[in-house]
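The block underneath contains the structure these notes are about, expressed in structure tokens.
In the text below, chain A, chain B and the rest are named by the order of the sequence lines, each starting its count at 1. All values reported here derive from a predicted model rather than from experimental measurement. When reading the values below, keep in mind they use all heavy atoms of this one structure, side chains included, and skip hydrogens, waters and symmetry mates.
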Protein chains: 2
Amino acid sequence: METVRRMPRAERREQILDAATRAFAVGGYTATGLDDVAAEAGVSRVILYRHFESKTDLYRAVLDRAGSRLGERVGESGFSDQTIPALLRAADADPDGFRLLFRYAAREPEFRDLIDDFTRESVQIARQHLAARIADPKWADWAARLVFAVAVEGVIAWLDAGRPDPGTAAERVSRAVHGVIEAAS
Amino acid sequence: METVRRMPRAERREQILDAATRAFAVGGYTATGLDDVAAEAGVSRVILYRHFESKTDLYRAVLDRAGSRLGERVGESGFSDQTIPALLRAADADPDGFRLLFRYAAREPEFRDLIDDFTRESVQIARQHLAARIADPKWADWAARLVFAVAVEGVIAWLDAGRPDPGTAAERVSRAVHGVIEAAS
DNA sequence: CCTCTTGTTTACTTTCGAGTCTACAAATAC
DNA sequence: GTATTTGTAGACTCGAAAGTAAACAAGAGG
């Protein structure tokens, strides 16, 4: 019988967050039980409650951390030729968090607020850039949403493909994004 | 007190499917209770069980119908300049079904099989077209996924925008798709 | 008029997973 | 060596939503 791995409280908390991110990234909030999280963390279910008040609390902590990391790396103002590379780096640094945020949290009524700020702001920035190129504001909005979706989907598809060619990935995603911008103008 | 609207069995079944499609399209499977569905259908909860064995059964029926309609309109073979217009028409004919399939069902572990066939086949077709243009198969796969995502996201964004300019919408989505294809080549 | 079908209402049971309680074990720190 | 912290195990409660049962109401068609 293997000896039990003990950790100081703060470290365990982080380790649980890591494991929970992985577990939730598989199927989202409702499809993931606390037993799954506990198993992934290699810890009994009760321990989760010594670090987080509830499943909701834990999930929000996971999303918060993922969202903060994303915000730190990408920044939340402006769009430059460094934005896409930064998005890639953020996804590379925390792939499960990235997937979880955009693949699941964005569709979960209770939790989407945690990623919607980022999305809304990004789309808003895209809209401002596109307004000069697209006369009809309805279609500018449409294009802004699509541009953001292409960036995110491009990154997730890159993650799912096993993160090939990290050096040139940003260039490829950028080209796709600009391809849509051109096509929409 | 308003008199109760009775319907022949088959008609009621369809009407429930319509209402359920609307209800589920708001928040997906788990976030939608049978009470919500019953309310949307203007019928008591018990009636649902006289037409469908279970919530799962009802949901699958909804997704089946939406998937069939989609398949009928888009066809499941080949890609031509009629494919995007057909996709738009399908979404226009059944916007809630379309949204439900791609926005929620595609992310629900228990139910994604009902839309994954369509998605897989579409991506496969895209891949074949792109193989000639993109040497590295990893990046051809990536581009194929992205192209499909752009088509779907473009359509959903159009729905969410209130379906402006039905005449030119297909042209815009097509341009976006080809923009990504060019950019990825 | 009678019967079948469609519908309602209300109350019930079942199920599942979240969340709790208690008692115990063992590593660490002083 | 003792107290404290970190951990386990297992049995439990609780609540929400799914699913069931029974009794009754009323329109439609023969």
Side-chain angles (χ1 to χ4, degrees), chain A residues 1-63 100 104-105 108-111, chain B residues 1-63 100 104-105 108-111:
Chain A
M1 178 114 175
E2 184 178 321
T3 174
V4 179
R5 280 263 298 282
R6 293 186 50 168
M7 290 181 195
R9 186 170 174 78
E11 186 181 340
R12 175 64 78 190
R13 192 189 140 95
E14 286 303 301
Q15 188 252 339
I16 289 174
L17 285 175
D18 291 343
T21 303
R22 262 175 277 131
F24 283 125
V26 174
Y29 182 73
T30 43
T32 309
L34 286 182
D35 289 314
D36 299 321
V37 175
E40 180 71 33
V43 107
S44 72
R45 219 165 57 87
V46 177
I47 284 295
L48 301 181
Y49 285 100
R50 294 204 191 153
H51 291 270
F52 303 93
E53 293 228 322
S54 65
K55 186 187 180 185
T56 302
D57 186 41
L58 167 58
Y59 193 58
R60 293 201 98 94
V62 165
L63 296 181
L100 180 56
Y104 291 107
E108 289 160 351
E110 272 192 88
F111 302 106
Chain B
M1 178 113 174
E2 184 179 322
T3 174
V4 178
R5 272 272 301 282
R6 293 186 49 168
M7 290 181 194
R9 185 170 175 78
E11 187 181 340
R12 177 62 81 188
R13 191 190 141 95
E14 286 303 301
Q15 189 251 340
I16 289 175
L17 285 176
D18 291 344
T21 303
R22 263 175 276 130
F24 283 126
V26 175
Y29 181 73
T30 43
T32 309
L34 287 181
D35 288 313
D36 300 319
V37 175
E40 180 71 32
V43 106
S44 72
R45 219 166 56 86
V46 177
I47 284 294
L48 301 181
Y49 285 101
R50 294 204 191 155
H51 291 269
F52 303 93
E53 293 228 322
S54 65
K55 187 186 179 186
T56 300
D57 187 40
L58 167 58
Y59 193 59
R60 293 202 97 94
V62 166
L63 296 181
L100 181 55
Y104 291 108
E108 289 160 351
E110 272 192 89
F111 303 105

Name all residues meeting the salt bridge (charged side-chain N to carboxylate O under 4.0 Å, His left out) criterion together with [X]; count only those two or more places apart in sequence or in a different chain, and write none if there are none.
{"X": "B:D57", "value": "none"}
{"X": "B:E40", "value": "B:R22"}
{"X": "A:E110", "value": "none"}
{"X": "B:R50", "value": "none"}

Rounded to whole Å, please give me the gap between [atom1] in [X] and [atom2] in [N].
{"X": "A:M7", "N": "D:dG7", "atom1": "CE", "atom2": "C1'", "result": "12 Å"}
{"X": "A:R12", "N": "C:dA27", "atom1": "CZ", "atom2": "P", "result": "14 Å"}
{"X": "B:Q15", "N": "C:dT6", "atom1": "CD", "atom2": "C1'", "result": "13 Å"}
{"X": "B:I16", "N": "C:dT6", "atom1": "CD1", "atom2": "P", "result": "11 Å"}
{"X": "B:L34", "N": "D:dA18", "atom1": "CG", "atom2": "C1'", "result": "7 Å"}
{"X": "A:D36", "N": "C:dC16", "atom1": "CG", "atom2": "P", "result": "15 Å"}
{"X": "B:Y29", "N": "D:dA17", "atom1": "OH", "atom2": "C1'", "result": "11 Å"}

(message) Restricting to ring-ring contact (aromatic ring centres under 6.0 Å, His included), what partner residues turn up for A:Y59, sequence neighbours left out?
(response) A:F24, A:Y29, A:F111
(message) Tell me which residues in residues 45-62 of chain B lie within less than 4.0 Å of DNA chain D, going by non-hydrogen atoms.
(response) B:R45, B:V46, B:Y49, B:S54, B:K55
(request) Decide yes or no, distance alone: a donor-acceptor N/O pair under 3.5 angstrom between the base of D:dG27 and the side-chain of B:R6. (result) yes
(message) Could you go through B:M7 and B:R13, starting from their C-alpha distance and side-chain angles, then the distance that decides it, and tell me whether this counts as side chain to side chain contact (heavy atoms under 4.5 Å, CB included)?
(response) CA-CA 9 Å; B:M7 290 181 194; B:R13 191 190 141 95; over 6 Å; no
